[in-house]
Every structure is written in structure tokens, then in C-alpha cells.
Amino acid sequence: QLQLQESGPGLVKPSETLSLSCTVSGDSIKNSGSFWGWIRQPPGKGLEWIGSIYLNGRTYNNPSLKSRLTITVDTSKNQFSLKLTSVTAADTAEYFCARYNSSRGYFDPWGQGTLVTVSS
Amino acid sequence: QSVLTQPPSVSGAPGQGVTISCTGSRSNIGARFDVHWYRQVPGTAPKLLIFGNNNRPSGVPDRFFGSKSGTSASLAITGLQAEDEADYYCQSYDSSLSGPVFGGGTKLTVL
């Protein structure tokens with residue numbers, strides 16, 4: 001059974017870089033033939049797609065974050081990662097990673113999520 | 001403000017049914033992109049409930065039914081049970097954004 005797990009600092013200072021990783025277990029990230037994505041949810045609010053990456057490294061990012069966002073994949077570690085630069089309090093959110101089924105367009109399964117707070 | 005519009009809340013008594021709407025536009029639902037639904041219990045990750053407009057993943061009871069017409073979609077839940085209390089989100093793809101988009105979520109309360 002495919003499982004995803006987010007990891008990274010829970011507290012980031014304003015103007016610094018938020019870095020998260022998502023470790024895939026239960027299968028090789030190379031075997032799934034899918035896109036891998038990041039979604040976030042500010043406290044008490046709805047879901048927002050951040051960006052997605054395919055195994056060949058091609059990325060698709062939310063235009064509202066594009067200039068600050070880098071998503072990479074490391075098949076040797078069965079991981080993909082997120083870096084968001086110049087963070088502000090508005091970036092405080094629960095961050096989820098998920099597999100994105102690009103042929104039908106849905107996310108499944110999801111990681112359990114990790115809360116990142118931007119504060120000095 | 002979310003690209004897809006959902007009512008903030010719906011409620012129903014045990015055993016009754018409710019419908020949650022999801023309204024989009026010609027660049028997403030109306031452009032024939034599939035609609036998917038997720039269920040999220042507060043404090044946990046969203047979980048796929050309906051994919052491809054009206055398909056249920058293994059383990060999802062047939063009390064949950066998805067439909068789509070024009071620029072809108074709906075999630076119908078029949079025979080409400082207490083454990084159905086959760087937040088429900090619709091999701092599609094938007095050609096203007098060139099990426100997935102979500103509704104703002106609907107909180108279901110079982111009275």
C-alpha cells in the first residue's frame with residue numbers, strides 16, 4: 001500500500017525558505033508513473049494546490065507561487081521536495097504531499113500533513 | 001477565494017440525505033474536466049471519496065454519489081450517519097490556471 005510522509009521544520013522565520021520533503025513508501029516512486037504534488041491548507045481554510053512534479057523533473061506550479069517555488073524529485077531516496085522562498089505569515093499552513101493521477105486529475109493517496117508556522 | 005464555489009455548510013438528520021454543490025466555470029468543470037470529491041475529518045488529511053465525477057474508490061459506500069452537469073457538480077449523500085460529519089471538498093482542473101483547483105469546502109453537520 002502506497003504511503004506518503006511529509007517531513008521538515010515546523011517553524012520558519014519570515015523572509016526565510018520553507019523546505020519540506022515527502023518520502024514515498026510501499027512502492028518505488030519510479031514505478032508509479034505518476035505526478036507527485038504538494039497542497040496546503042491555511043488554518044481554518046480550504047485547500048490550495050501548490051505544484052506538481054513528474055519523474056523526469058518537469059514541474060507545474062501554481063502561478064501565484066511560481067516565482068518563489070521549487071519542486072524537485074530524488075528517485076534514489078524515493079522522495080520529492082518543496083522549497084518556498086521569502087515566506088510570510090500568509091504561508092503558514094498544513095502542507096500535504098500526494099500522488100497526482102494526471103490521467104484523471106485527482107490526488108490519492110495523501111500524506112498525513114505537516115504544520116508549518118511562519119513566525120519570528 | 002476559491003475557483004470552485006461550494007456552500008460553507010449543509011446539515012441533515014440521521015437517515016436523511018443531503019446534496020453538496022460545486023460550481024465552476026467554462027475553464028474548469030465546464031471544459032469537461034473531471035470533478036473529484038474528498039472527505040476531510042478535522043485534524044486529518046483529505047481522503048478521496050469520488051473520482052472521475054461519479055466513481056467510488058474501493059471501500060466507499062454507495063451512499064455517496066457524484067454527478068456533473070454543465071459547469072457544476074454535486075455530491076449526494078443518502079442515509080446520513082453520524083460518522084459522515086466532516087468537511088467535503090470538490091476538485092477539478094482549470095485550463096486558465098493550468099493546474100488543479102479546489103472548492104472552498106463544505107462542512108456537513110449531522111443533526
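Every chain is numbered from 1, with letters handed out A, B, ... down the list of sequences.
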Under 3.5 Å donor-acceptor, [X] side chain and [Y] backbone:
X	Y	value
B/T109	B/L111	no
A/R99	A/D108	yes
A/Q79	A/T23	no
B/Q6	B/C90	yes
B/T106	B/I20	no

Taking atom types as modelled, find out whether A/S120 and A/K13 have a side-chain donor-acceptor pair closer than 3.5 angstrom.
-> no

Do A/S19 and A/T17 have side-chain atoms, one donor and one acceptor, less than 3.5 Å apart?
-> no

Residues passing the ring-ring contact (aromatic ring centres under 6.0 Å, His included) test with B/Y89, sequence neighbours excluded, are none

Heavy-atom contact with chain A under 4.5 Å, split by part of B/S2 | neither

Contact list (residues 63-85 of chain B to chain A, heavy-atom gap under 4.5 Å, by number) returns none

Within residues 49-56 of chain B, which positions have a heavy-atom distance to chain A below 4.5 Å?
-> B/F51, B/G52, B/N55

Below 4.5 Å from any heavy atom of chain B, which atoms of [X] appear? Answer side chain, backbone, both or neither.
X	result
A/F96	side chain
A/L115	neither
A/Q41	side chain
A/F107	both

Max heavy-atom pair count under 4.5 Å with chain B, selected residue of A/K45, A/E94, A/R104 | A/R104

Between chain B and each of A/A98, A/G105, A/G46, count heavy-atom pairs under 4.5 Å; write down the option with the most.
-> A/G105

Just give me the residue among [options] that pairs up with chain A most often, heavy atom to heavy atom, under 4.5 Å.
options	answer
B/G99, B/S92, B/P46	B/P46
B/G104, B/P100, B/G105, B/A45	B/P100
B/Y93, B/F102, B/F33	B/F102

For A/W36, the option from A/Y100, A/W110, A/F80 that meets ring pair (Phe, Tyr, Trp, His ring centres under 6.0 Å) | A/F80

Sidechain N-carboxylate O distance under 4.0 Å for A/D91, A/R40 | yes

Across all chains, not counting sequence neighbours, the side-chain hydrogen bond (donor to acceptor under 3.5 Å, both in side chains) partners of A/S81 are A/S21

Go through the steps for B/I29 and B/C22 under the test side-chain contact (heavy atoms from CB on, under 4.5 Å), then give the verdict.
-> CA-CA 9 Å; B/I29 299 175; B/C22 174; 4.0 Å; yes

Quick one: CG on B/L97 to CG on A/N62, what's the gap to the nearest 0.5 Å?
-> 5.0 Å

Report the distance from atom CD of A/Q3 to atom SG of A/C22, rounding to the nearest 0.5 Å.
-> 11.5 Å

